[in-house]
A.B. asks: 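Starting off with a structure, shown below.
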Amino acid sequence: MPTATYNSWPPALVLSLVAAGTILSISMGLRQSLGLFMEPMVQNAGVSVATFGFAMALQNLAWGIGQPFMGALCDRYGGRLVVIASSALFCAGLYLIGTGSPLGLQLGGGLMIGIAVAGTSHGVLVGIVSRLAAPAVRGTAIAILAATGSLGTFVLAPTAQALIERWSWQGALGGLAALAAGMAAVAFLFRSGGGNAAGAPAQEKPNPRRAITEAMADRSFVISTVAFFACGFQLIFIATHLPKYIAICGLPPSVSAEAIALIGICNAVGTLVAGYLCQRWGNKNVLALIYLLRTASIAVFFSLPVSVETTLVFAAAMGFLWLSVVPPVSGLINGRFGTANFGTLFGVMFLSHQLGAFLGAWLGGLSYEWSGSYATAWIALILVGTLAAILQFLAEDEGSRRPQPA
């Protein structure tokens, strides 16, 4: 019925979903385009591969450590202030990268952008949408948000590469900083629900300490958190080192930009499919399958000769599986613990993801510096991903536990 549809998708939810999707798209597009700056900084600024890799590793560690705090701030005070402050921090971080110094790269590209991404990514934005959406449409709204957020990579990766070639890598960073500033303006579109969404239960007040205590006593939450380590380990290695890997295999930089863009567009499709499958197969089963298929894709790519065709097929496969973890992870948290403390609990789980990301980016660079090859790193991705798939299959789905009353 039209009335039911209108009540399920109130104006506050629709407007906030548009704003959140735009911010997520810019934030993820900017972050995932930073790998394109490795080669020009290595060639023109004297930055080593290991130094760049460590900066990206530090970024992911700062993102992970900052995520529970940013999520808790959003749970308590709303997302607008968090996004505005993070947008300013993003701009400052890009400026420091442009200085070309190792310290500027690590402080700006590592610490500052890491914290900024924590305030402009899923832990904050999915929480905003979850609290506005009725249970019947919450999964769909989260899948739409995650899919929309991936489109920024499709646009920004080739745009960043074009700016590097036409201007300079410093000029390209300036252009990206202007986009980062735009996130602050978009944050003013966020709306409160003016009450709970139709069909949603009454919201309990956020209580981060109690929520963390309950979650850490929940076996399935702990298993899913440990398995989430592999997600960060695999994806951030690829985002950071794939451009360098295909460059040493003799492919031009344009292929890197095309691969990252392809990840972005396939990401949108894969995330929507994952959201649909979660409703049919259960969140934990879909999450385990994603880990398994990712690992299989990595193994096949590593075993084949690197060419334009194999690189783009690999990018498409990884893109389909990239942010497809967001609907099942969000569904597990919301289904087992409710939405009031979503930002805090997503942040706790995401810290594990980012510890994996830190090691994936850093150890990937070290393995290349020490051996002149990425072979050891690729093998590590396969082993860690296989273990994560096995662990996730052992977890329980959200249906076996209900949120505790306030």
Side-chain angles (χ1 to χ4, degrees), residues 28-45 47-57 59-60 109 150 153-165 169 172 232-267 270 293-322 357 360-382 385:
M28 294 296 98
L30 292 174
R31 184 188 68 84
Q32 291 179 197
S33 297
L34 291 179
L36 297 172
F37 291 86
M38 177 189 287
E39 193 64 19
M41 291 190 73
V42 168
Q43 297 296 326
N44 302 313
V47 173
S48 70
V49 172
T51 298
F52 191 95
F54 180 76
M56 295 302 101
Q59 176 193 116
N60 285 282
S150 67
T153 303
F154 176 70
V155 176
L156 291 183
T159 299
Q161 184 62 44
L163 292 178
I164 291 171
E165 293 173 356
W169 63 270
F233 189 76
Q234 291 177 326
L235 297 191
I236 304 306
F237 169 83
I238 292 169
T240 303
H241 295 285
L242 183 62
K244 179 66 177 178
Y245 177 70
I246 65 177
I248 64 178
C249 292
L251 300 182
S254 59
V255 177
S256 298
E258 291 169 4
I260 295 174
L262 194 57
I263 287 173
I265 194 65
C266 292
N267 201 350
L293 292 177
R294 268 196 204 153
T295 302
S297 300
I298 291 169
V300 170
F301 179 66
F302 175 61
S303 65
L304 294 176
V306 176
S307 65
V308 174
E309 292 77 16
T310 58
T311 299
L312 295 182
V313 170
F314 173 67
M318 293 304 298
F320 191 82
L321 301 164
W322 199 274
W362 182 36
L363 296 182
L366 286 181
S367 70
Y368 177 78
E369 290 289 322
W370 290 344
S371 65
S373 168
Y374 280 116
T376 302
W378 286 110
I379 293 171
L381 297 185
I382 295 168

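Computed over heavy atoms, backbone and side chain alike; hydrogens, waters and symmetry mates excluded. FYI, the numbering just counts along the sequence from 1. Just so it is clear, the model here is predicted, and its values are computed rather than measured.
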A.B. asks: Check for a donor-acceptor pair, side chain of S303 on one end and backbone N or O of V300 on the other, with a separation under 3.5 Å.
C.D. replies: yes
A.B. asks: State, to 0.1 Å, how close I236 and A361 come at their nearest heavy-atom pair, and which atoms those are.
C.D. replies: CG2-CB, 4.0 Å
A.B. asks: Give me the ring orientation class for W362 and F54: parallel if the planes are under 30° apart, tilted from 30 to 60°, perpendicular past 60°.
C.D. replies: perpendicular
A.B. asks: I'd like to know whether I248 forms a side-chain contact (heavy atoms from CB on, under 4.5 Å) with Y374, so could you lay out the CA-CA distance, the side-chain angles of the two residues, the decisive distance to 0.1 Å, and finally the verdict.
C.D. replies: CA-CA 10 Å; I248 64 178; Y374 280 116; 4.1 Å; yes
A.B. asks: Can you see which heavy atom on G109 is nearest to which on M56, and at what distance?
C.D. replies: O-CE, 4.0 Å
A.B. asks: List the atom of V42, the atom of S48, and the distance in Å for their closest heavy-atom pair.
C.D. replies: CG2-C, 4.2 Å
A.B. asks: Specify the closest pair of heavy atoms between S256 and P243, including all atoms of both residues, with the distance to one decimal.
C.D. replies: OG-CA, 3.3 Å
A.B. asks: Do other residues, nucleotides or ligands put more than 12 heavy atoms under 6.0 Å from the CH2 atom of W169?
C.D. replies: yes
A.B. asks: To the nearest 0.5 Å, tell me how far I263 CD1 sits from L242 CG.
C.D. replies: 6.5 Å
A.B. asks: Once side chain to side chain contact (heavy atoms under 4.5 Å, CB included) is applied, do any residues pair with V47, and if so which ones, sequence neighbours excluded?
C.D. replies: M41, A45, T51, F52, L105
A.B. asks: Could you list the residues that satisfy side-chain hydrogen bond (donor to acceptor under 3.5 Å, both in side chains) with E369, not counting sequence neighbours?
C.D. replies: none
A.B. asks: Please confirm whether H241 and Y245 have ring centers closer than 6.0 angstrom.
C.D. replies: no
A.B. asks: Give, for atom CZ of R294 and atom CE of M318, the distance between the pair rounded to the nearest 0.5 Å.
C.D. replies: 5.5 Å
A.B. asks: Run the side chain to side chain contact (heavy atoms under 4.5 Å, CB included) test against A380 and tell me which residues pass, sequence neighbours left out.
C.D. replies: F233
A.B. asks: For Q59 and R31, what are the C-alpha separation, side-chain angles and deciding distance, and is it a side-chain contact (heavy atoms from CB on, under 4.5 Å)?
C.D. replies: CA-CA 10 Å; Q59 176 193 116; R31 184 188 68 84; 3.2 Å; yes
A.B. asks: Taking all atoms of both residues into account, what is the closest heavy-atom pair of S33 and F37, and its distance?
C.D. replies: O-CD1, 3.6 Å
A.B. asks: State the CZ-CH2 distance between F237 and W378, to the nearest 0.5 angstrom.
C.D. replies: 5.0 Å
A.B. asks: I'd like to check I298 versus I238 (side-chain heavy atoms, cut-off strictly below 4.5 Å). Are they in contact?
C.D. replies: yes
A.B. asks: Residues in side-chain hydrogen bond (donor to acceptor under 3.5 Å, both in side chains) with S307, at least two apart?
C.D. replies: E309, T310
A.B. asks: What's the separation between atom CG in L312 and atom SG in C266, rounded to the nearest 0.5 Å?
C.D. replies: 10.0 Å
A.B. asks: List in chain and number order the residues that pass side chain to side chain contact (heavy atoms under 4.5 Å, CB included) with T311, two or more places apart in sequence or in another chain; answer none if no residue qualifies.
C.D. replies: I246, L251, V255, A259, F301, V306
A.B. asks: Do you see a donor-acceptor pair shorter than 3.5 Å between the side chains of Q234 and T295?
C.D. replies: yes
A.B. asks: What pairs with I265 under side chain to side chain contact (heavy atoms under 4.5 Å, CB included), at least two apart in sequence or on another chain?
C.D. replies: L151, F154, L262
A.B. asks: How close do L235 and W322 get, counting heavy atoms only, and between which atoms?
C.D. replies: O-CH2, 3.3 Å
